[in-house]
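Just so we're on the same page: letters track the sequence lines, and every chain starts at 1. We use all heavy atoms of the structure for the numbers below, so side chains are in, but hydrogens, waters and symmetry mates are not.
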Amino acid sequence: MDILQGLNQQQKQAVETVDGPLLIVAGPGSGKTRVITHRIAYLIAVCGLSPYRILAVTFTNKAAREMRERLRTLMGLTGENVNAGTFHAFCSSVLRQEYDTAKIDRSFVIYDQGDQIDLMKRVLEIEGIETKQFAPRFVLSAISSAKSQLIDAELFGEQSTSYVDKIIHRAYLRYQELLTRHSALDFDDLLLRTYLLFRDNKHVLEKYQSRYLHLLVDEFQDTNLVQYSIAQQITEAHKNICVVGDPDQSIYSWRNADMGNILSFRDTYPNATIIRLEENYRSTKTILAAAQSVITANSQRIERDLHTENPTGKRVVIHESYNPEEEAQHLLREVDRLRKEDHYKLDDIAVMYRVNAQSRAVEEGCLKYGIPYQLIGGLRFYQRKEIKDIICYLRVIQNPYDDISLLRIINLPTRGIGQRTLDQLVYISQSKGVPIYTAIQMACQEATSPPGYPLFTSRSIGSMTKFLDIINKLIKEAEHNSPYDIIEMVLDRTGFRAYINLDNEQGGDRLDNLLELQSTAFEFQYTSPQESLSAFLESVALVSDIDSIDEKKESIKLITLHQAKGLEFPVVFMIGLEEGMIPHFRSLDDPEQIEEERRLFYVGMTRAMQRLYLTRAFRRSFRGGTEPGDPSRFLADVPQDLTSGLTNPFEHAILPTTRESGFDDERAVNMTHESFVAGEKVSHTSFGEGIVVSYTPPEITIAFKGEAGIKRLLLNIAPLEKIK
DNA sequence: CTTTCGGGATTTTTT
DNA sequence: ATCCCGAAAG
């Protein structure tokens, strides 16, 4: 059977075990994706299952897309019919389908984090909750956590005893009320409402149970309770549930993921088959051993034996720079060398960091040295102001009761509906319990305001009537136009295009972004315009940045460690490996969070196939100022016999050392040096001549003649020479 | 009603 | 440093 060809013993077993619950514990690089796709192919080709009867849940849309592609190469077009997607996408489609039973507005919109915060601010205002104590984010995260654990607003109330919980309960109730009024769902609602739908409507559940005879869940260590519960609901009858995961790569607990799901799987299904994939096909022996040394320092884990037949490979390079700029410069110099001497392509190389802000120095370096790069995430495309604005117009067109979107665009570009008018609208909306859109209609219809209600000036009535007119016309047009054309109409009719053009500084970029959005919309042409628009908006809400990673060829990839999960690269640079960055400040006081940070570090290391660079900067700017940083504690767990570069990152190399990495030769010259005295003349390879201001090992302060001005440098790496 | 200016808070990671 | 929000000027 050729589907089994080229698979090792465990992999074969995983593919052939088709009946009943199956847990695959897959180490990094153990051919997990391969097993999943081959298993699906096996179910179809050997067991004769229709692809429609298989549901595969992945962590990102990209993973789903890749799965479908692999299936196609494996078995042709039949493979395309497997339903593969994220939990959120699956749930969204279920709710869209079962809106009636689920009691959800058919044209519901999905609120992202920004919308949620806007909404929560209103909630707190209405409830008179002090935002100093109860920050919108804080309340939202409590609600999100509750929803992830199957706790709806009512249940939350029953369980809340503390003062804080009682306040959050109030906010929770009001938050849900407003969401419903706006016909909106947040990310967690997609999951929770689907769970509740299945729980309370047996006939609906049965429909899905009988359709999907097999369920696969990838990245199981990063699922939360609702997700796991939905998976259980669907497979309740036949128990054909296959989950794949790696507890060592669990890095989303902050999103309420619970790696305990892996452990409880065995309790829930005592007869589950458990298969371990422990042969690594990705990394060199050195990289795997280094990663293994880092992860074994965690206390909450199960010991296991990862191994590889791959060659030993090069040592892991550890390097220390003075500041992020130098770190980037050094990295790019090495990228250049890898390309010229070792014949790597730019696509082979990834730069990984803990927080998005760290990409900046690398980005600037890339621009300076002309190295093409692709930045993933950061200011997310769909969060950019102009994009979000247009999205909100589209959402209002689809569902005018969505207050959050409506309030965002009601005076954009400015059309004379100011704060005062807005206040009055909100007042009407609040006192009558109707959406803003309805409030505007009321205001415009009634020639005279009824007693007890706010008086609008004739001017503001005029402005509102105009606005209402534009929106209503757009809603009409949307009935028989594609998303692409609707965007065009929005840009023209609302004066948004002119508004963008006003800003000539960034106007060009913004227009480009809008055109990009429009071209994305072009692909959405379904059976009806309404469906097309709602499919487009849904995809906008549910795509992740990582989904677009391959778009720009021949470039190095700049990604966060979280985004790197599931990816692999021949060459990996992990930068900014300092205490405070990784482990991050906010996890410092919680041992469990530190363990998660370590897993994050481990995930990064195990992305590397052939080369791994671990770099850090001595000084890092923070809130304007600049502060020294200690090396990340995780670096200490990389065995020295596997590394080159600084043999011991914890000792600043003031003492003469020999360096093996060799890519810093010109600097190595300065590894041995006498002390400096204030007033001495020195020369620096990039800053030119200067005079020593002070000398406090390991730092030296120099006043340069040129533009560089006064600099504080790290002595052991600064390319300095004394001038007589 | 709109724009601009200054003070204050602020950032982990993302479906 | 940068962004967001509220207050005062235009």
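The residue among A:Ala357 and A:Leu422 whose nearest nucleotide of DNA chain B lies closer to the 5′ end is A:Leu422. Where A:Tyr252 and A:Ala135 meet DNA chain B, the nucleotide closest to each residue was compared, and A:Ala135 sits on the side nearer the 5' end.
Spacing between atom CZ of A:Arg137 and atom C1' of B:dA9 amounts to 12 Å, rounded to whole angstrom units. The distance between atom CG of A:Leu567 and atom P of B:dT13, rounded to the nearest whole Å, is 17 Å. As a whole-Å value, the separation of A:Asp115 CG from B:dT14 P is 18 Å. Here the P atom of nucleotide B:dT13 and the CD atom of A:Gln113 are 10 Å apart, to the nearest Å. A:Tyr111 has its OH atom 18 Å from the C1' atom of B:dT15, to the nearest Å. One atom, CZ of A:Phe138, and another, P of B:dT10, lie 14 Å apart when rounded to the nearest Å. One interatomic measurement links the two molecules: CG of A:Leu140 to C1' of B:dT14, which rounds to 14 Å at whole-angstrom precision. One interatomic measurement links the two molecules: CZ of A:Phe187 to P of B:dT15, which rounds to 8 Å at whole-angstrom precision.
The aromatic ring of A:Trp254 stacks onto the base of B:dT13, its centre lying under 5.5 Å from the centre of the six-membered base ring with the two planes under 30° apart.
Listed nucleotides B:dT2, B:dC1, B:dT13 differ in distance to A:Arg420; the shortest reach to its side chain belongs to B:dC1. Of all nucleotides listed (B:dC1, B:dT15, B:dT14), B:dT15 comes nearest to the side chain of A:His88.
Here CD1 of A:Ile410 is found 8.5 Å from CD1 of A:Ile471. Values are rounded to the nearest 0.5 Å.
To the nearest whole angstrom, the two P atoms, one in B:dT11 and one in C:dG6, are 16 Å apart.
Note on residues 87-96 of chain A: pairs passing side chain to side chain donor-acceptor pair (under 3.5 Å), not counting sequence neighbours, are A:Ser92-A:Glu538.
Closest of all the heavy-atom pairs between A:Ser321 and A:Glu327 is OG-CA, 3.3 Å. When all heavy atoms of A:Phe634 and A:Val294 are compared, the closest pair comes out as O-CG2, 4.0 Å.
In this structure, A:Thr60 does not reach the B:dT15 phosphate: none of its side-chain N or O atoms is under 4.0 Å from OP1 or OP2. For A:Asn61, no side-chain nitrogen or oxygen approaches OP1 or OP2 of B:dT15 to under 4.0 Å. Contact annotation: A:Gln419 does not reach the phosphate of B:dC1 (side-chain N/O to OP1 or OP2, under 4.0 Å). When the side-chain nitrogen and oxygen atoms of A:Asn224 are compared with OP1 and OP2 of B:dT15, none of them lie within a distance under 4.0 Å. Dashed line: the shortest gap from a side-chain N or O of A:Asn256 to OP1 or OP2 of B:dT15 is not under 4.0 Å.
Inspection of the A:Gln249 and A:Tyr602 side chains reveals no N or O donor paired with an N or O acceptor under 3.5 Å. Between the side chains of A:Ser107 and A:Gln398, no donor N or O sits under 3.5 Å from an acceptor N or O. Checking A:Ser144 against A:Asp188 by side-chain atom types alone, a donor-acceptor pair falls below 3.5 Å.
Within the 4.0 angstrom heavy-atom criterion, no nucleotide atom of any strand lies near A:Asp112. Within 4.0 Å of A:Leu190, counting heavy atoms only, lies no atom of the nucleic acid at all. Residue-level contact check: A:Ser460 touches neither bases nor backbone, having no heavy atom under 4.0 Å from any strand.
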Which atoms of nucleotides 2-5 of chain C (N or O only) lie under 3.5 Å from a protein N or O atom, and what are those distances?
{"unit_1": "C:dC5", "atom_1": "OP1", "unit_2": "A:Lys121", "atom_2": "NZ", "d": "2.6"}

Atom pairs, N/O to N/O, protein against nucleotides 3-8 of chain B, distance under 3.5 Å?
none

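Residues of residues 578-594 of chain A that place a heavy atom closer than 4.0 Å to DNA chain B, in numerical order, are A:His584, A:Arg586, A:Gln593.
Note on A:Asp118 versus A:Arg122: no salt bridge recorded, every NZ/NE/NH1/NH2 to OD/OE distance being 4.0 Å or above. For A:Arg360 and A:Glu364, the salt-bridge test passes: some basic side-chain N is under 4.0 Å from an acidic carboxylate O.
The ring pair (Phe, Tyr, Trp, His ring centres under 6.0 Å) test applied to A:Tyr175 returns no partner, not counting sequence neighbours. A:Glu568 is linked by a side-chain hydrogen bond (donor to acceptor under 3.5 Å, both in side chains) to A:Arg282, counting only residues two or more places apart in sequence or in another chain.
For an aromatic pair to be called close, the ring centres must be under 6.0 Å apart, and A:His562 with A:Tyr252 satisfies this.
Within the cation-pi definition used here (under 6.0 Å to the ring centroid, within 45° of the axis), A:Lys565 qualifies as a partner of A:Phe59.
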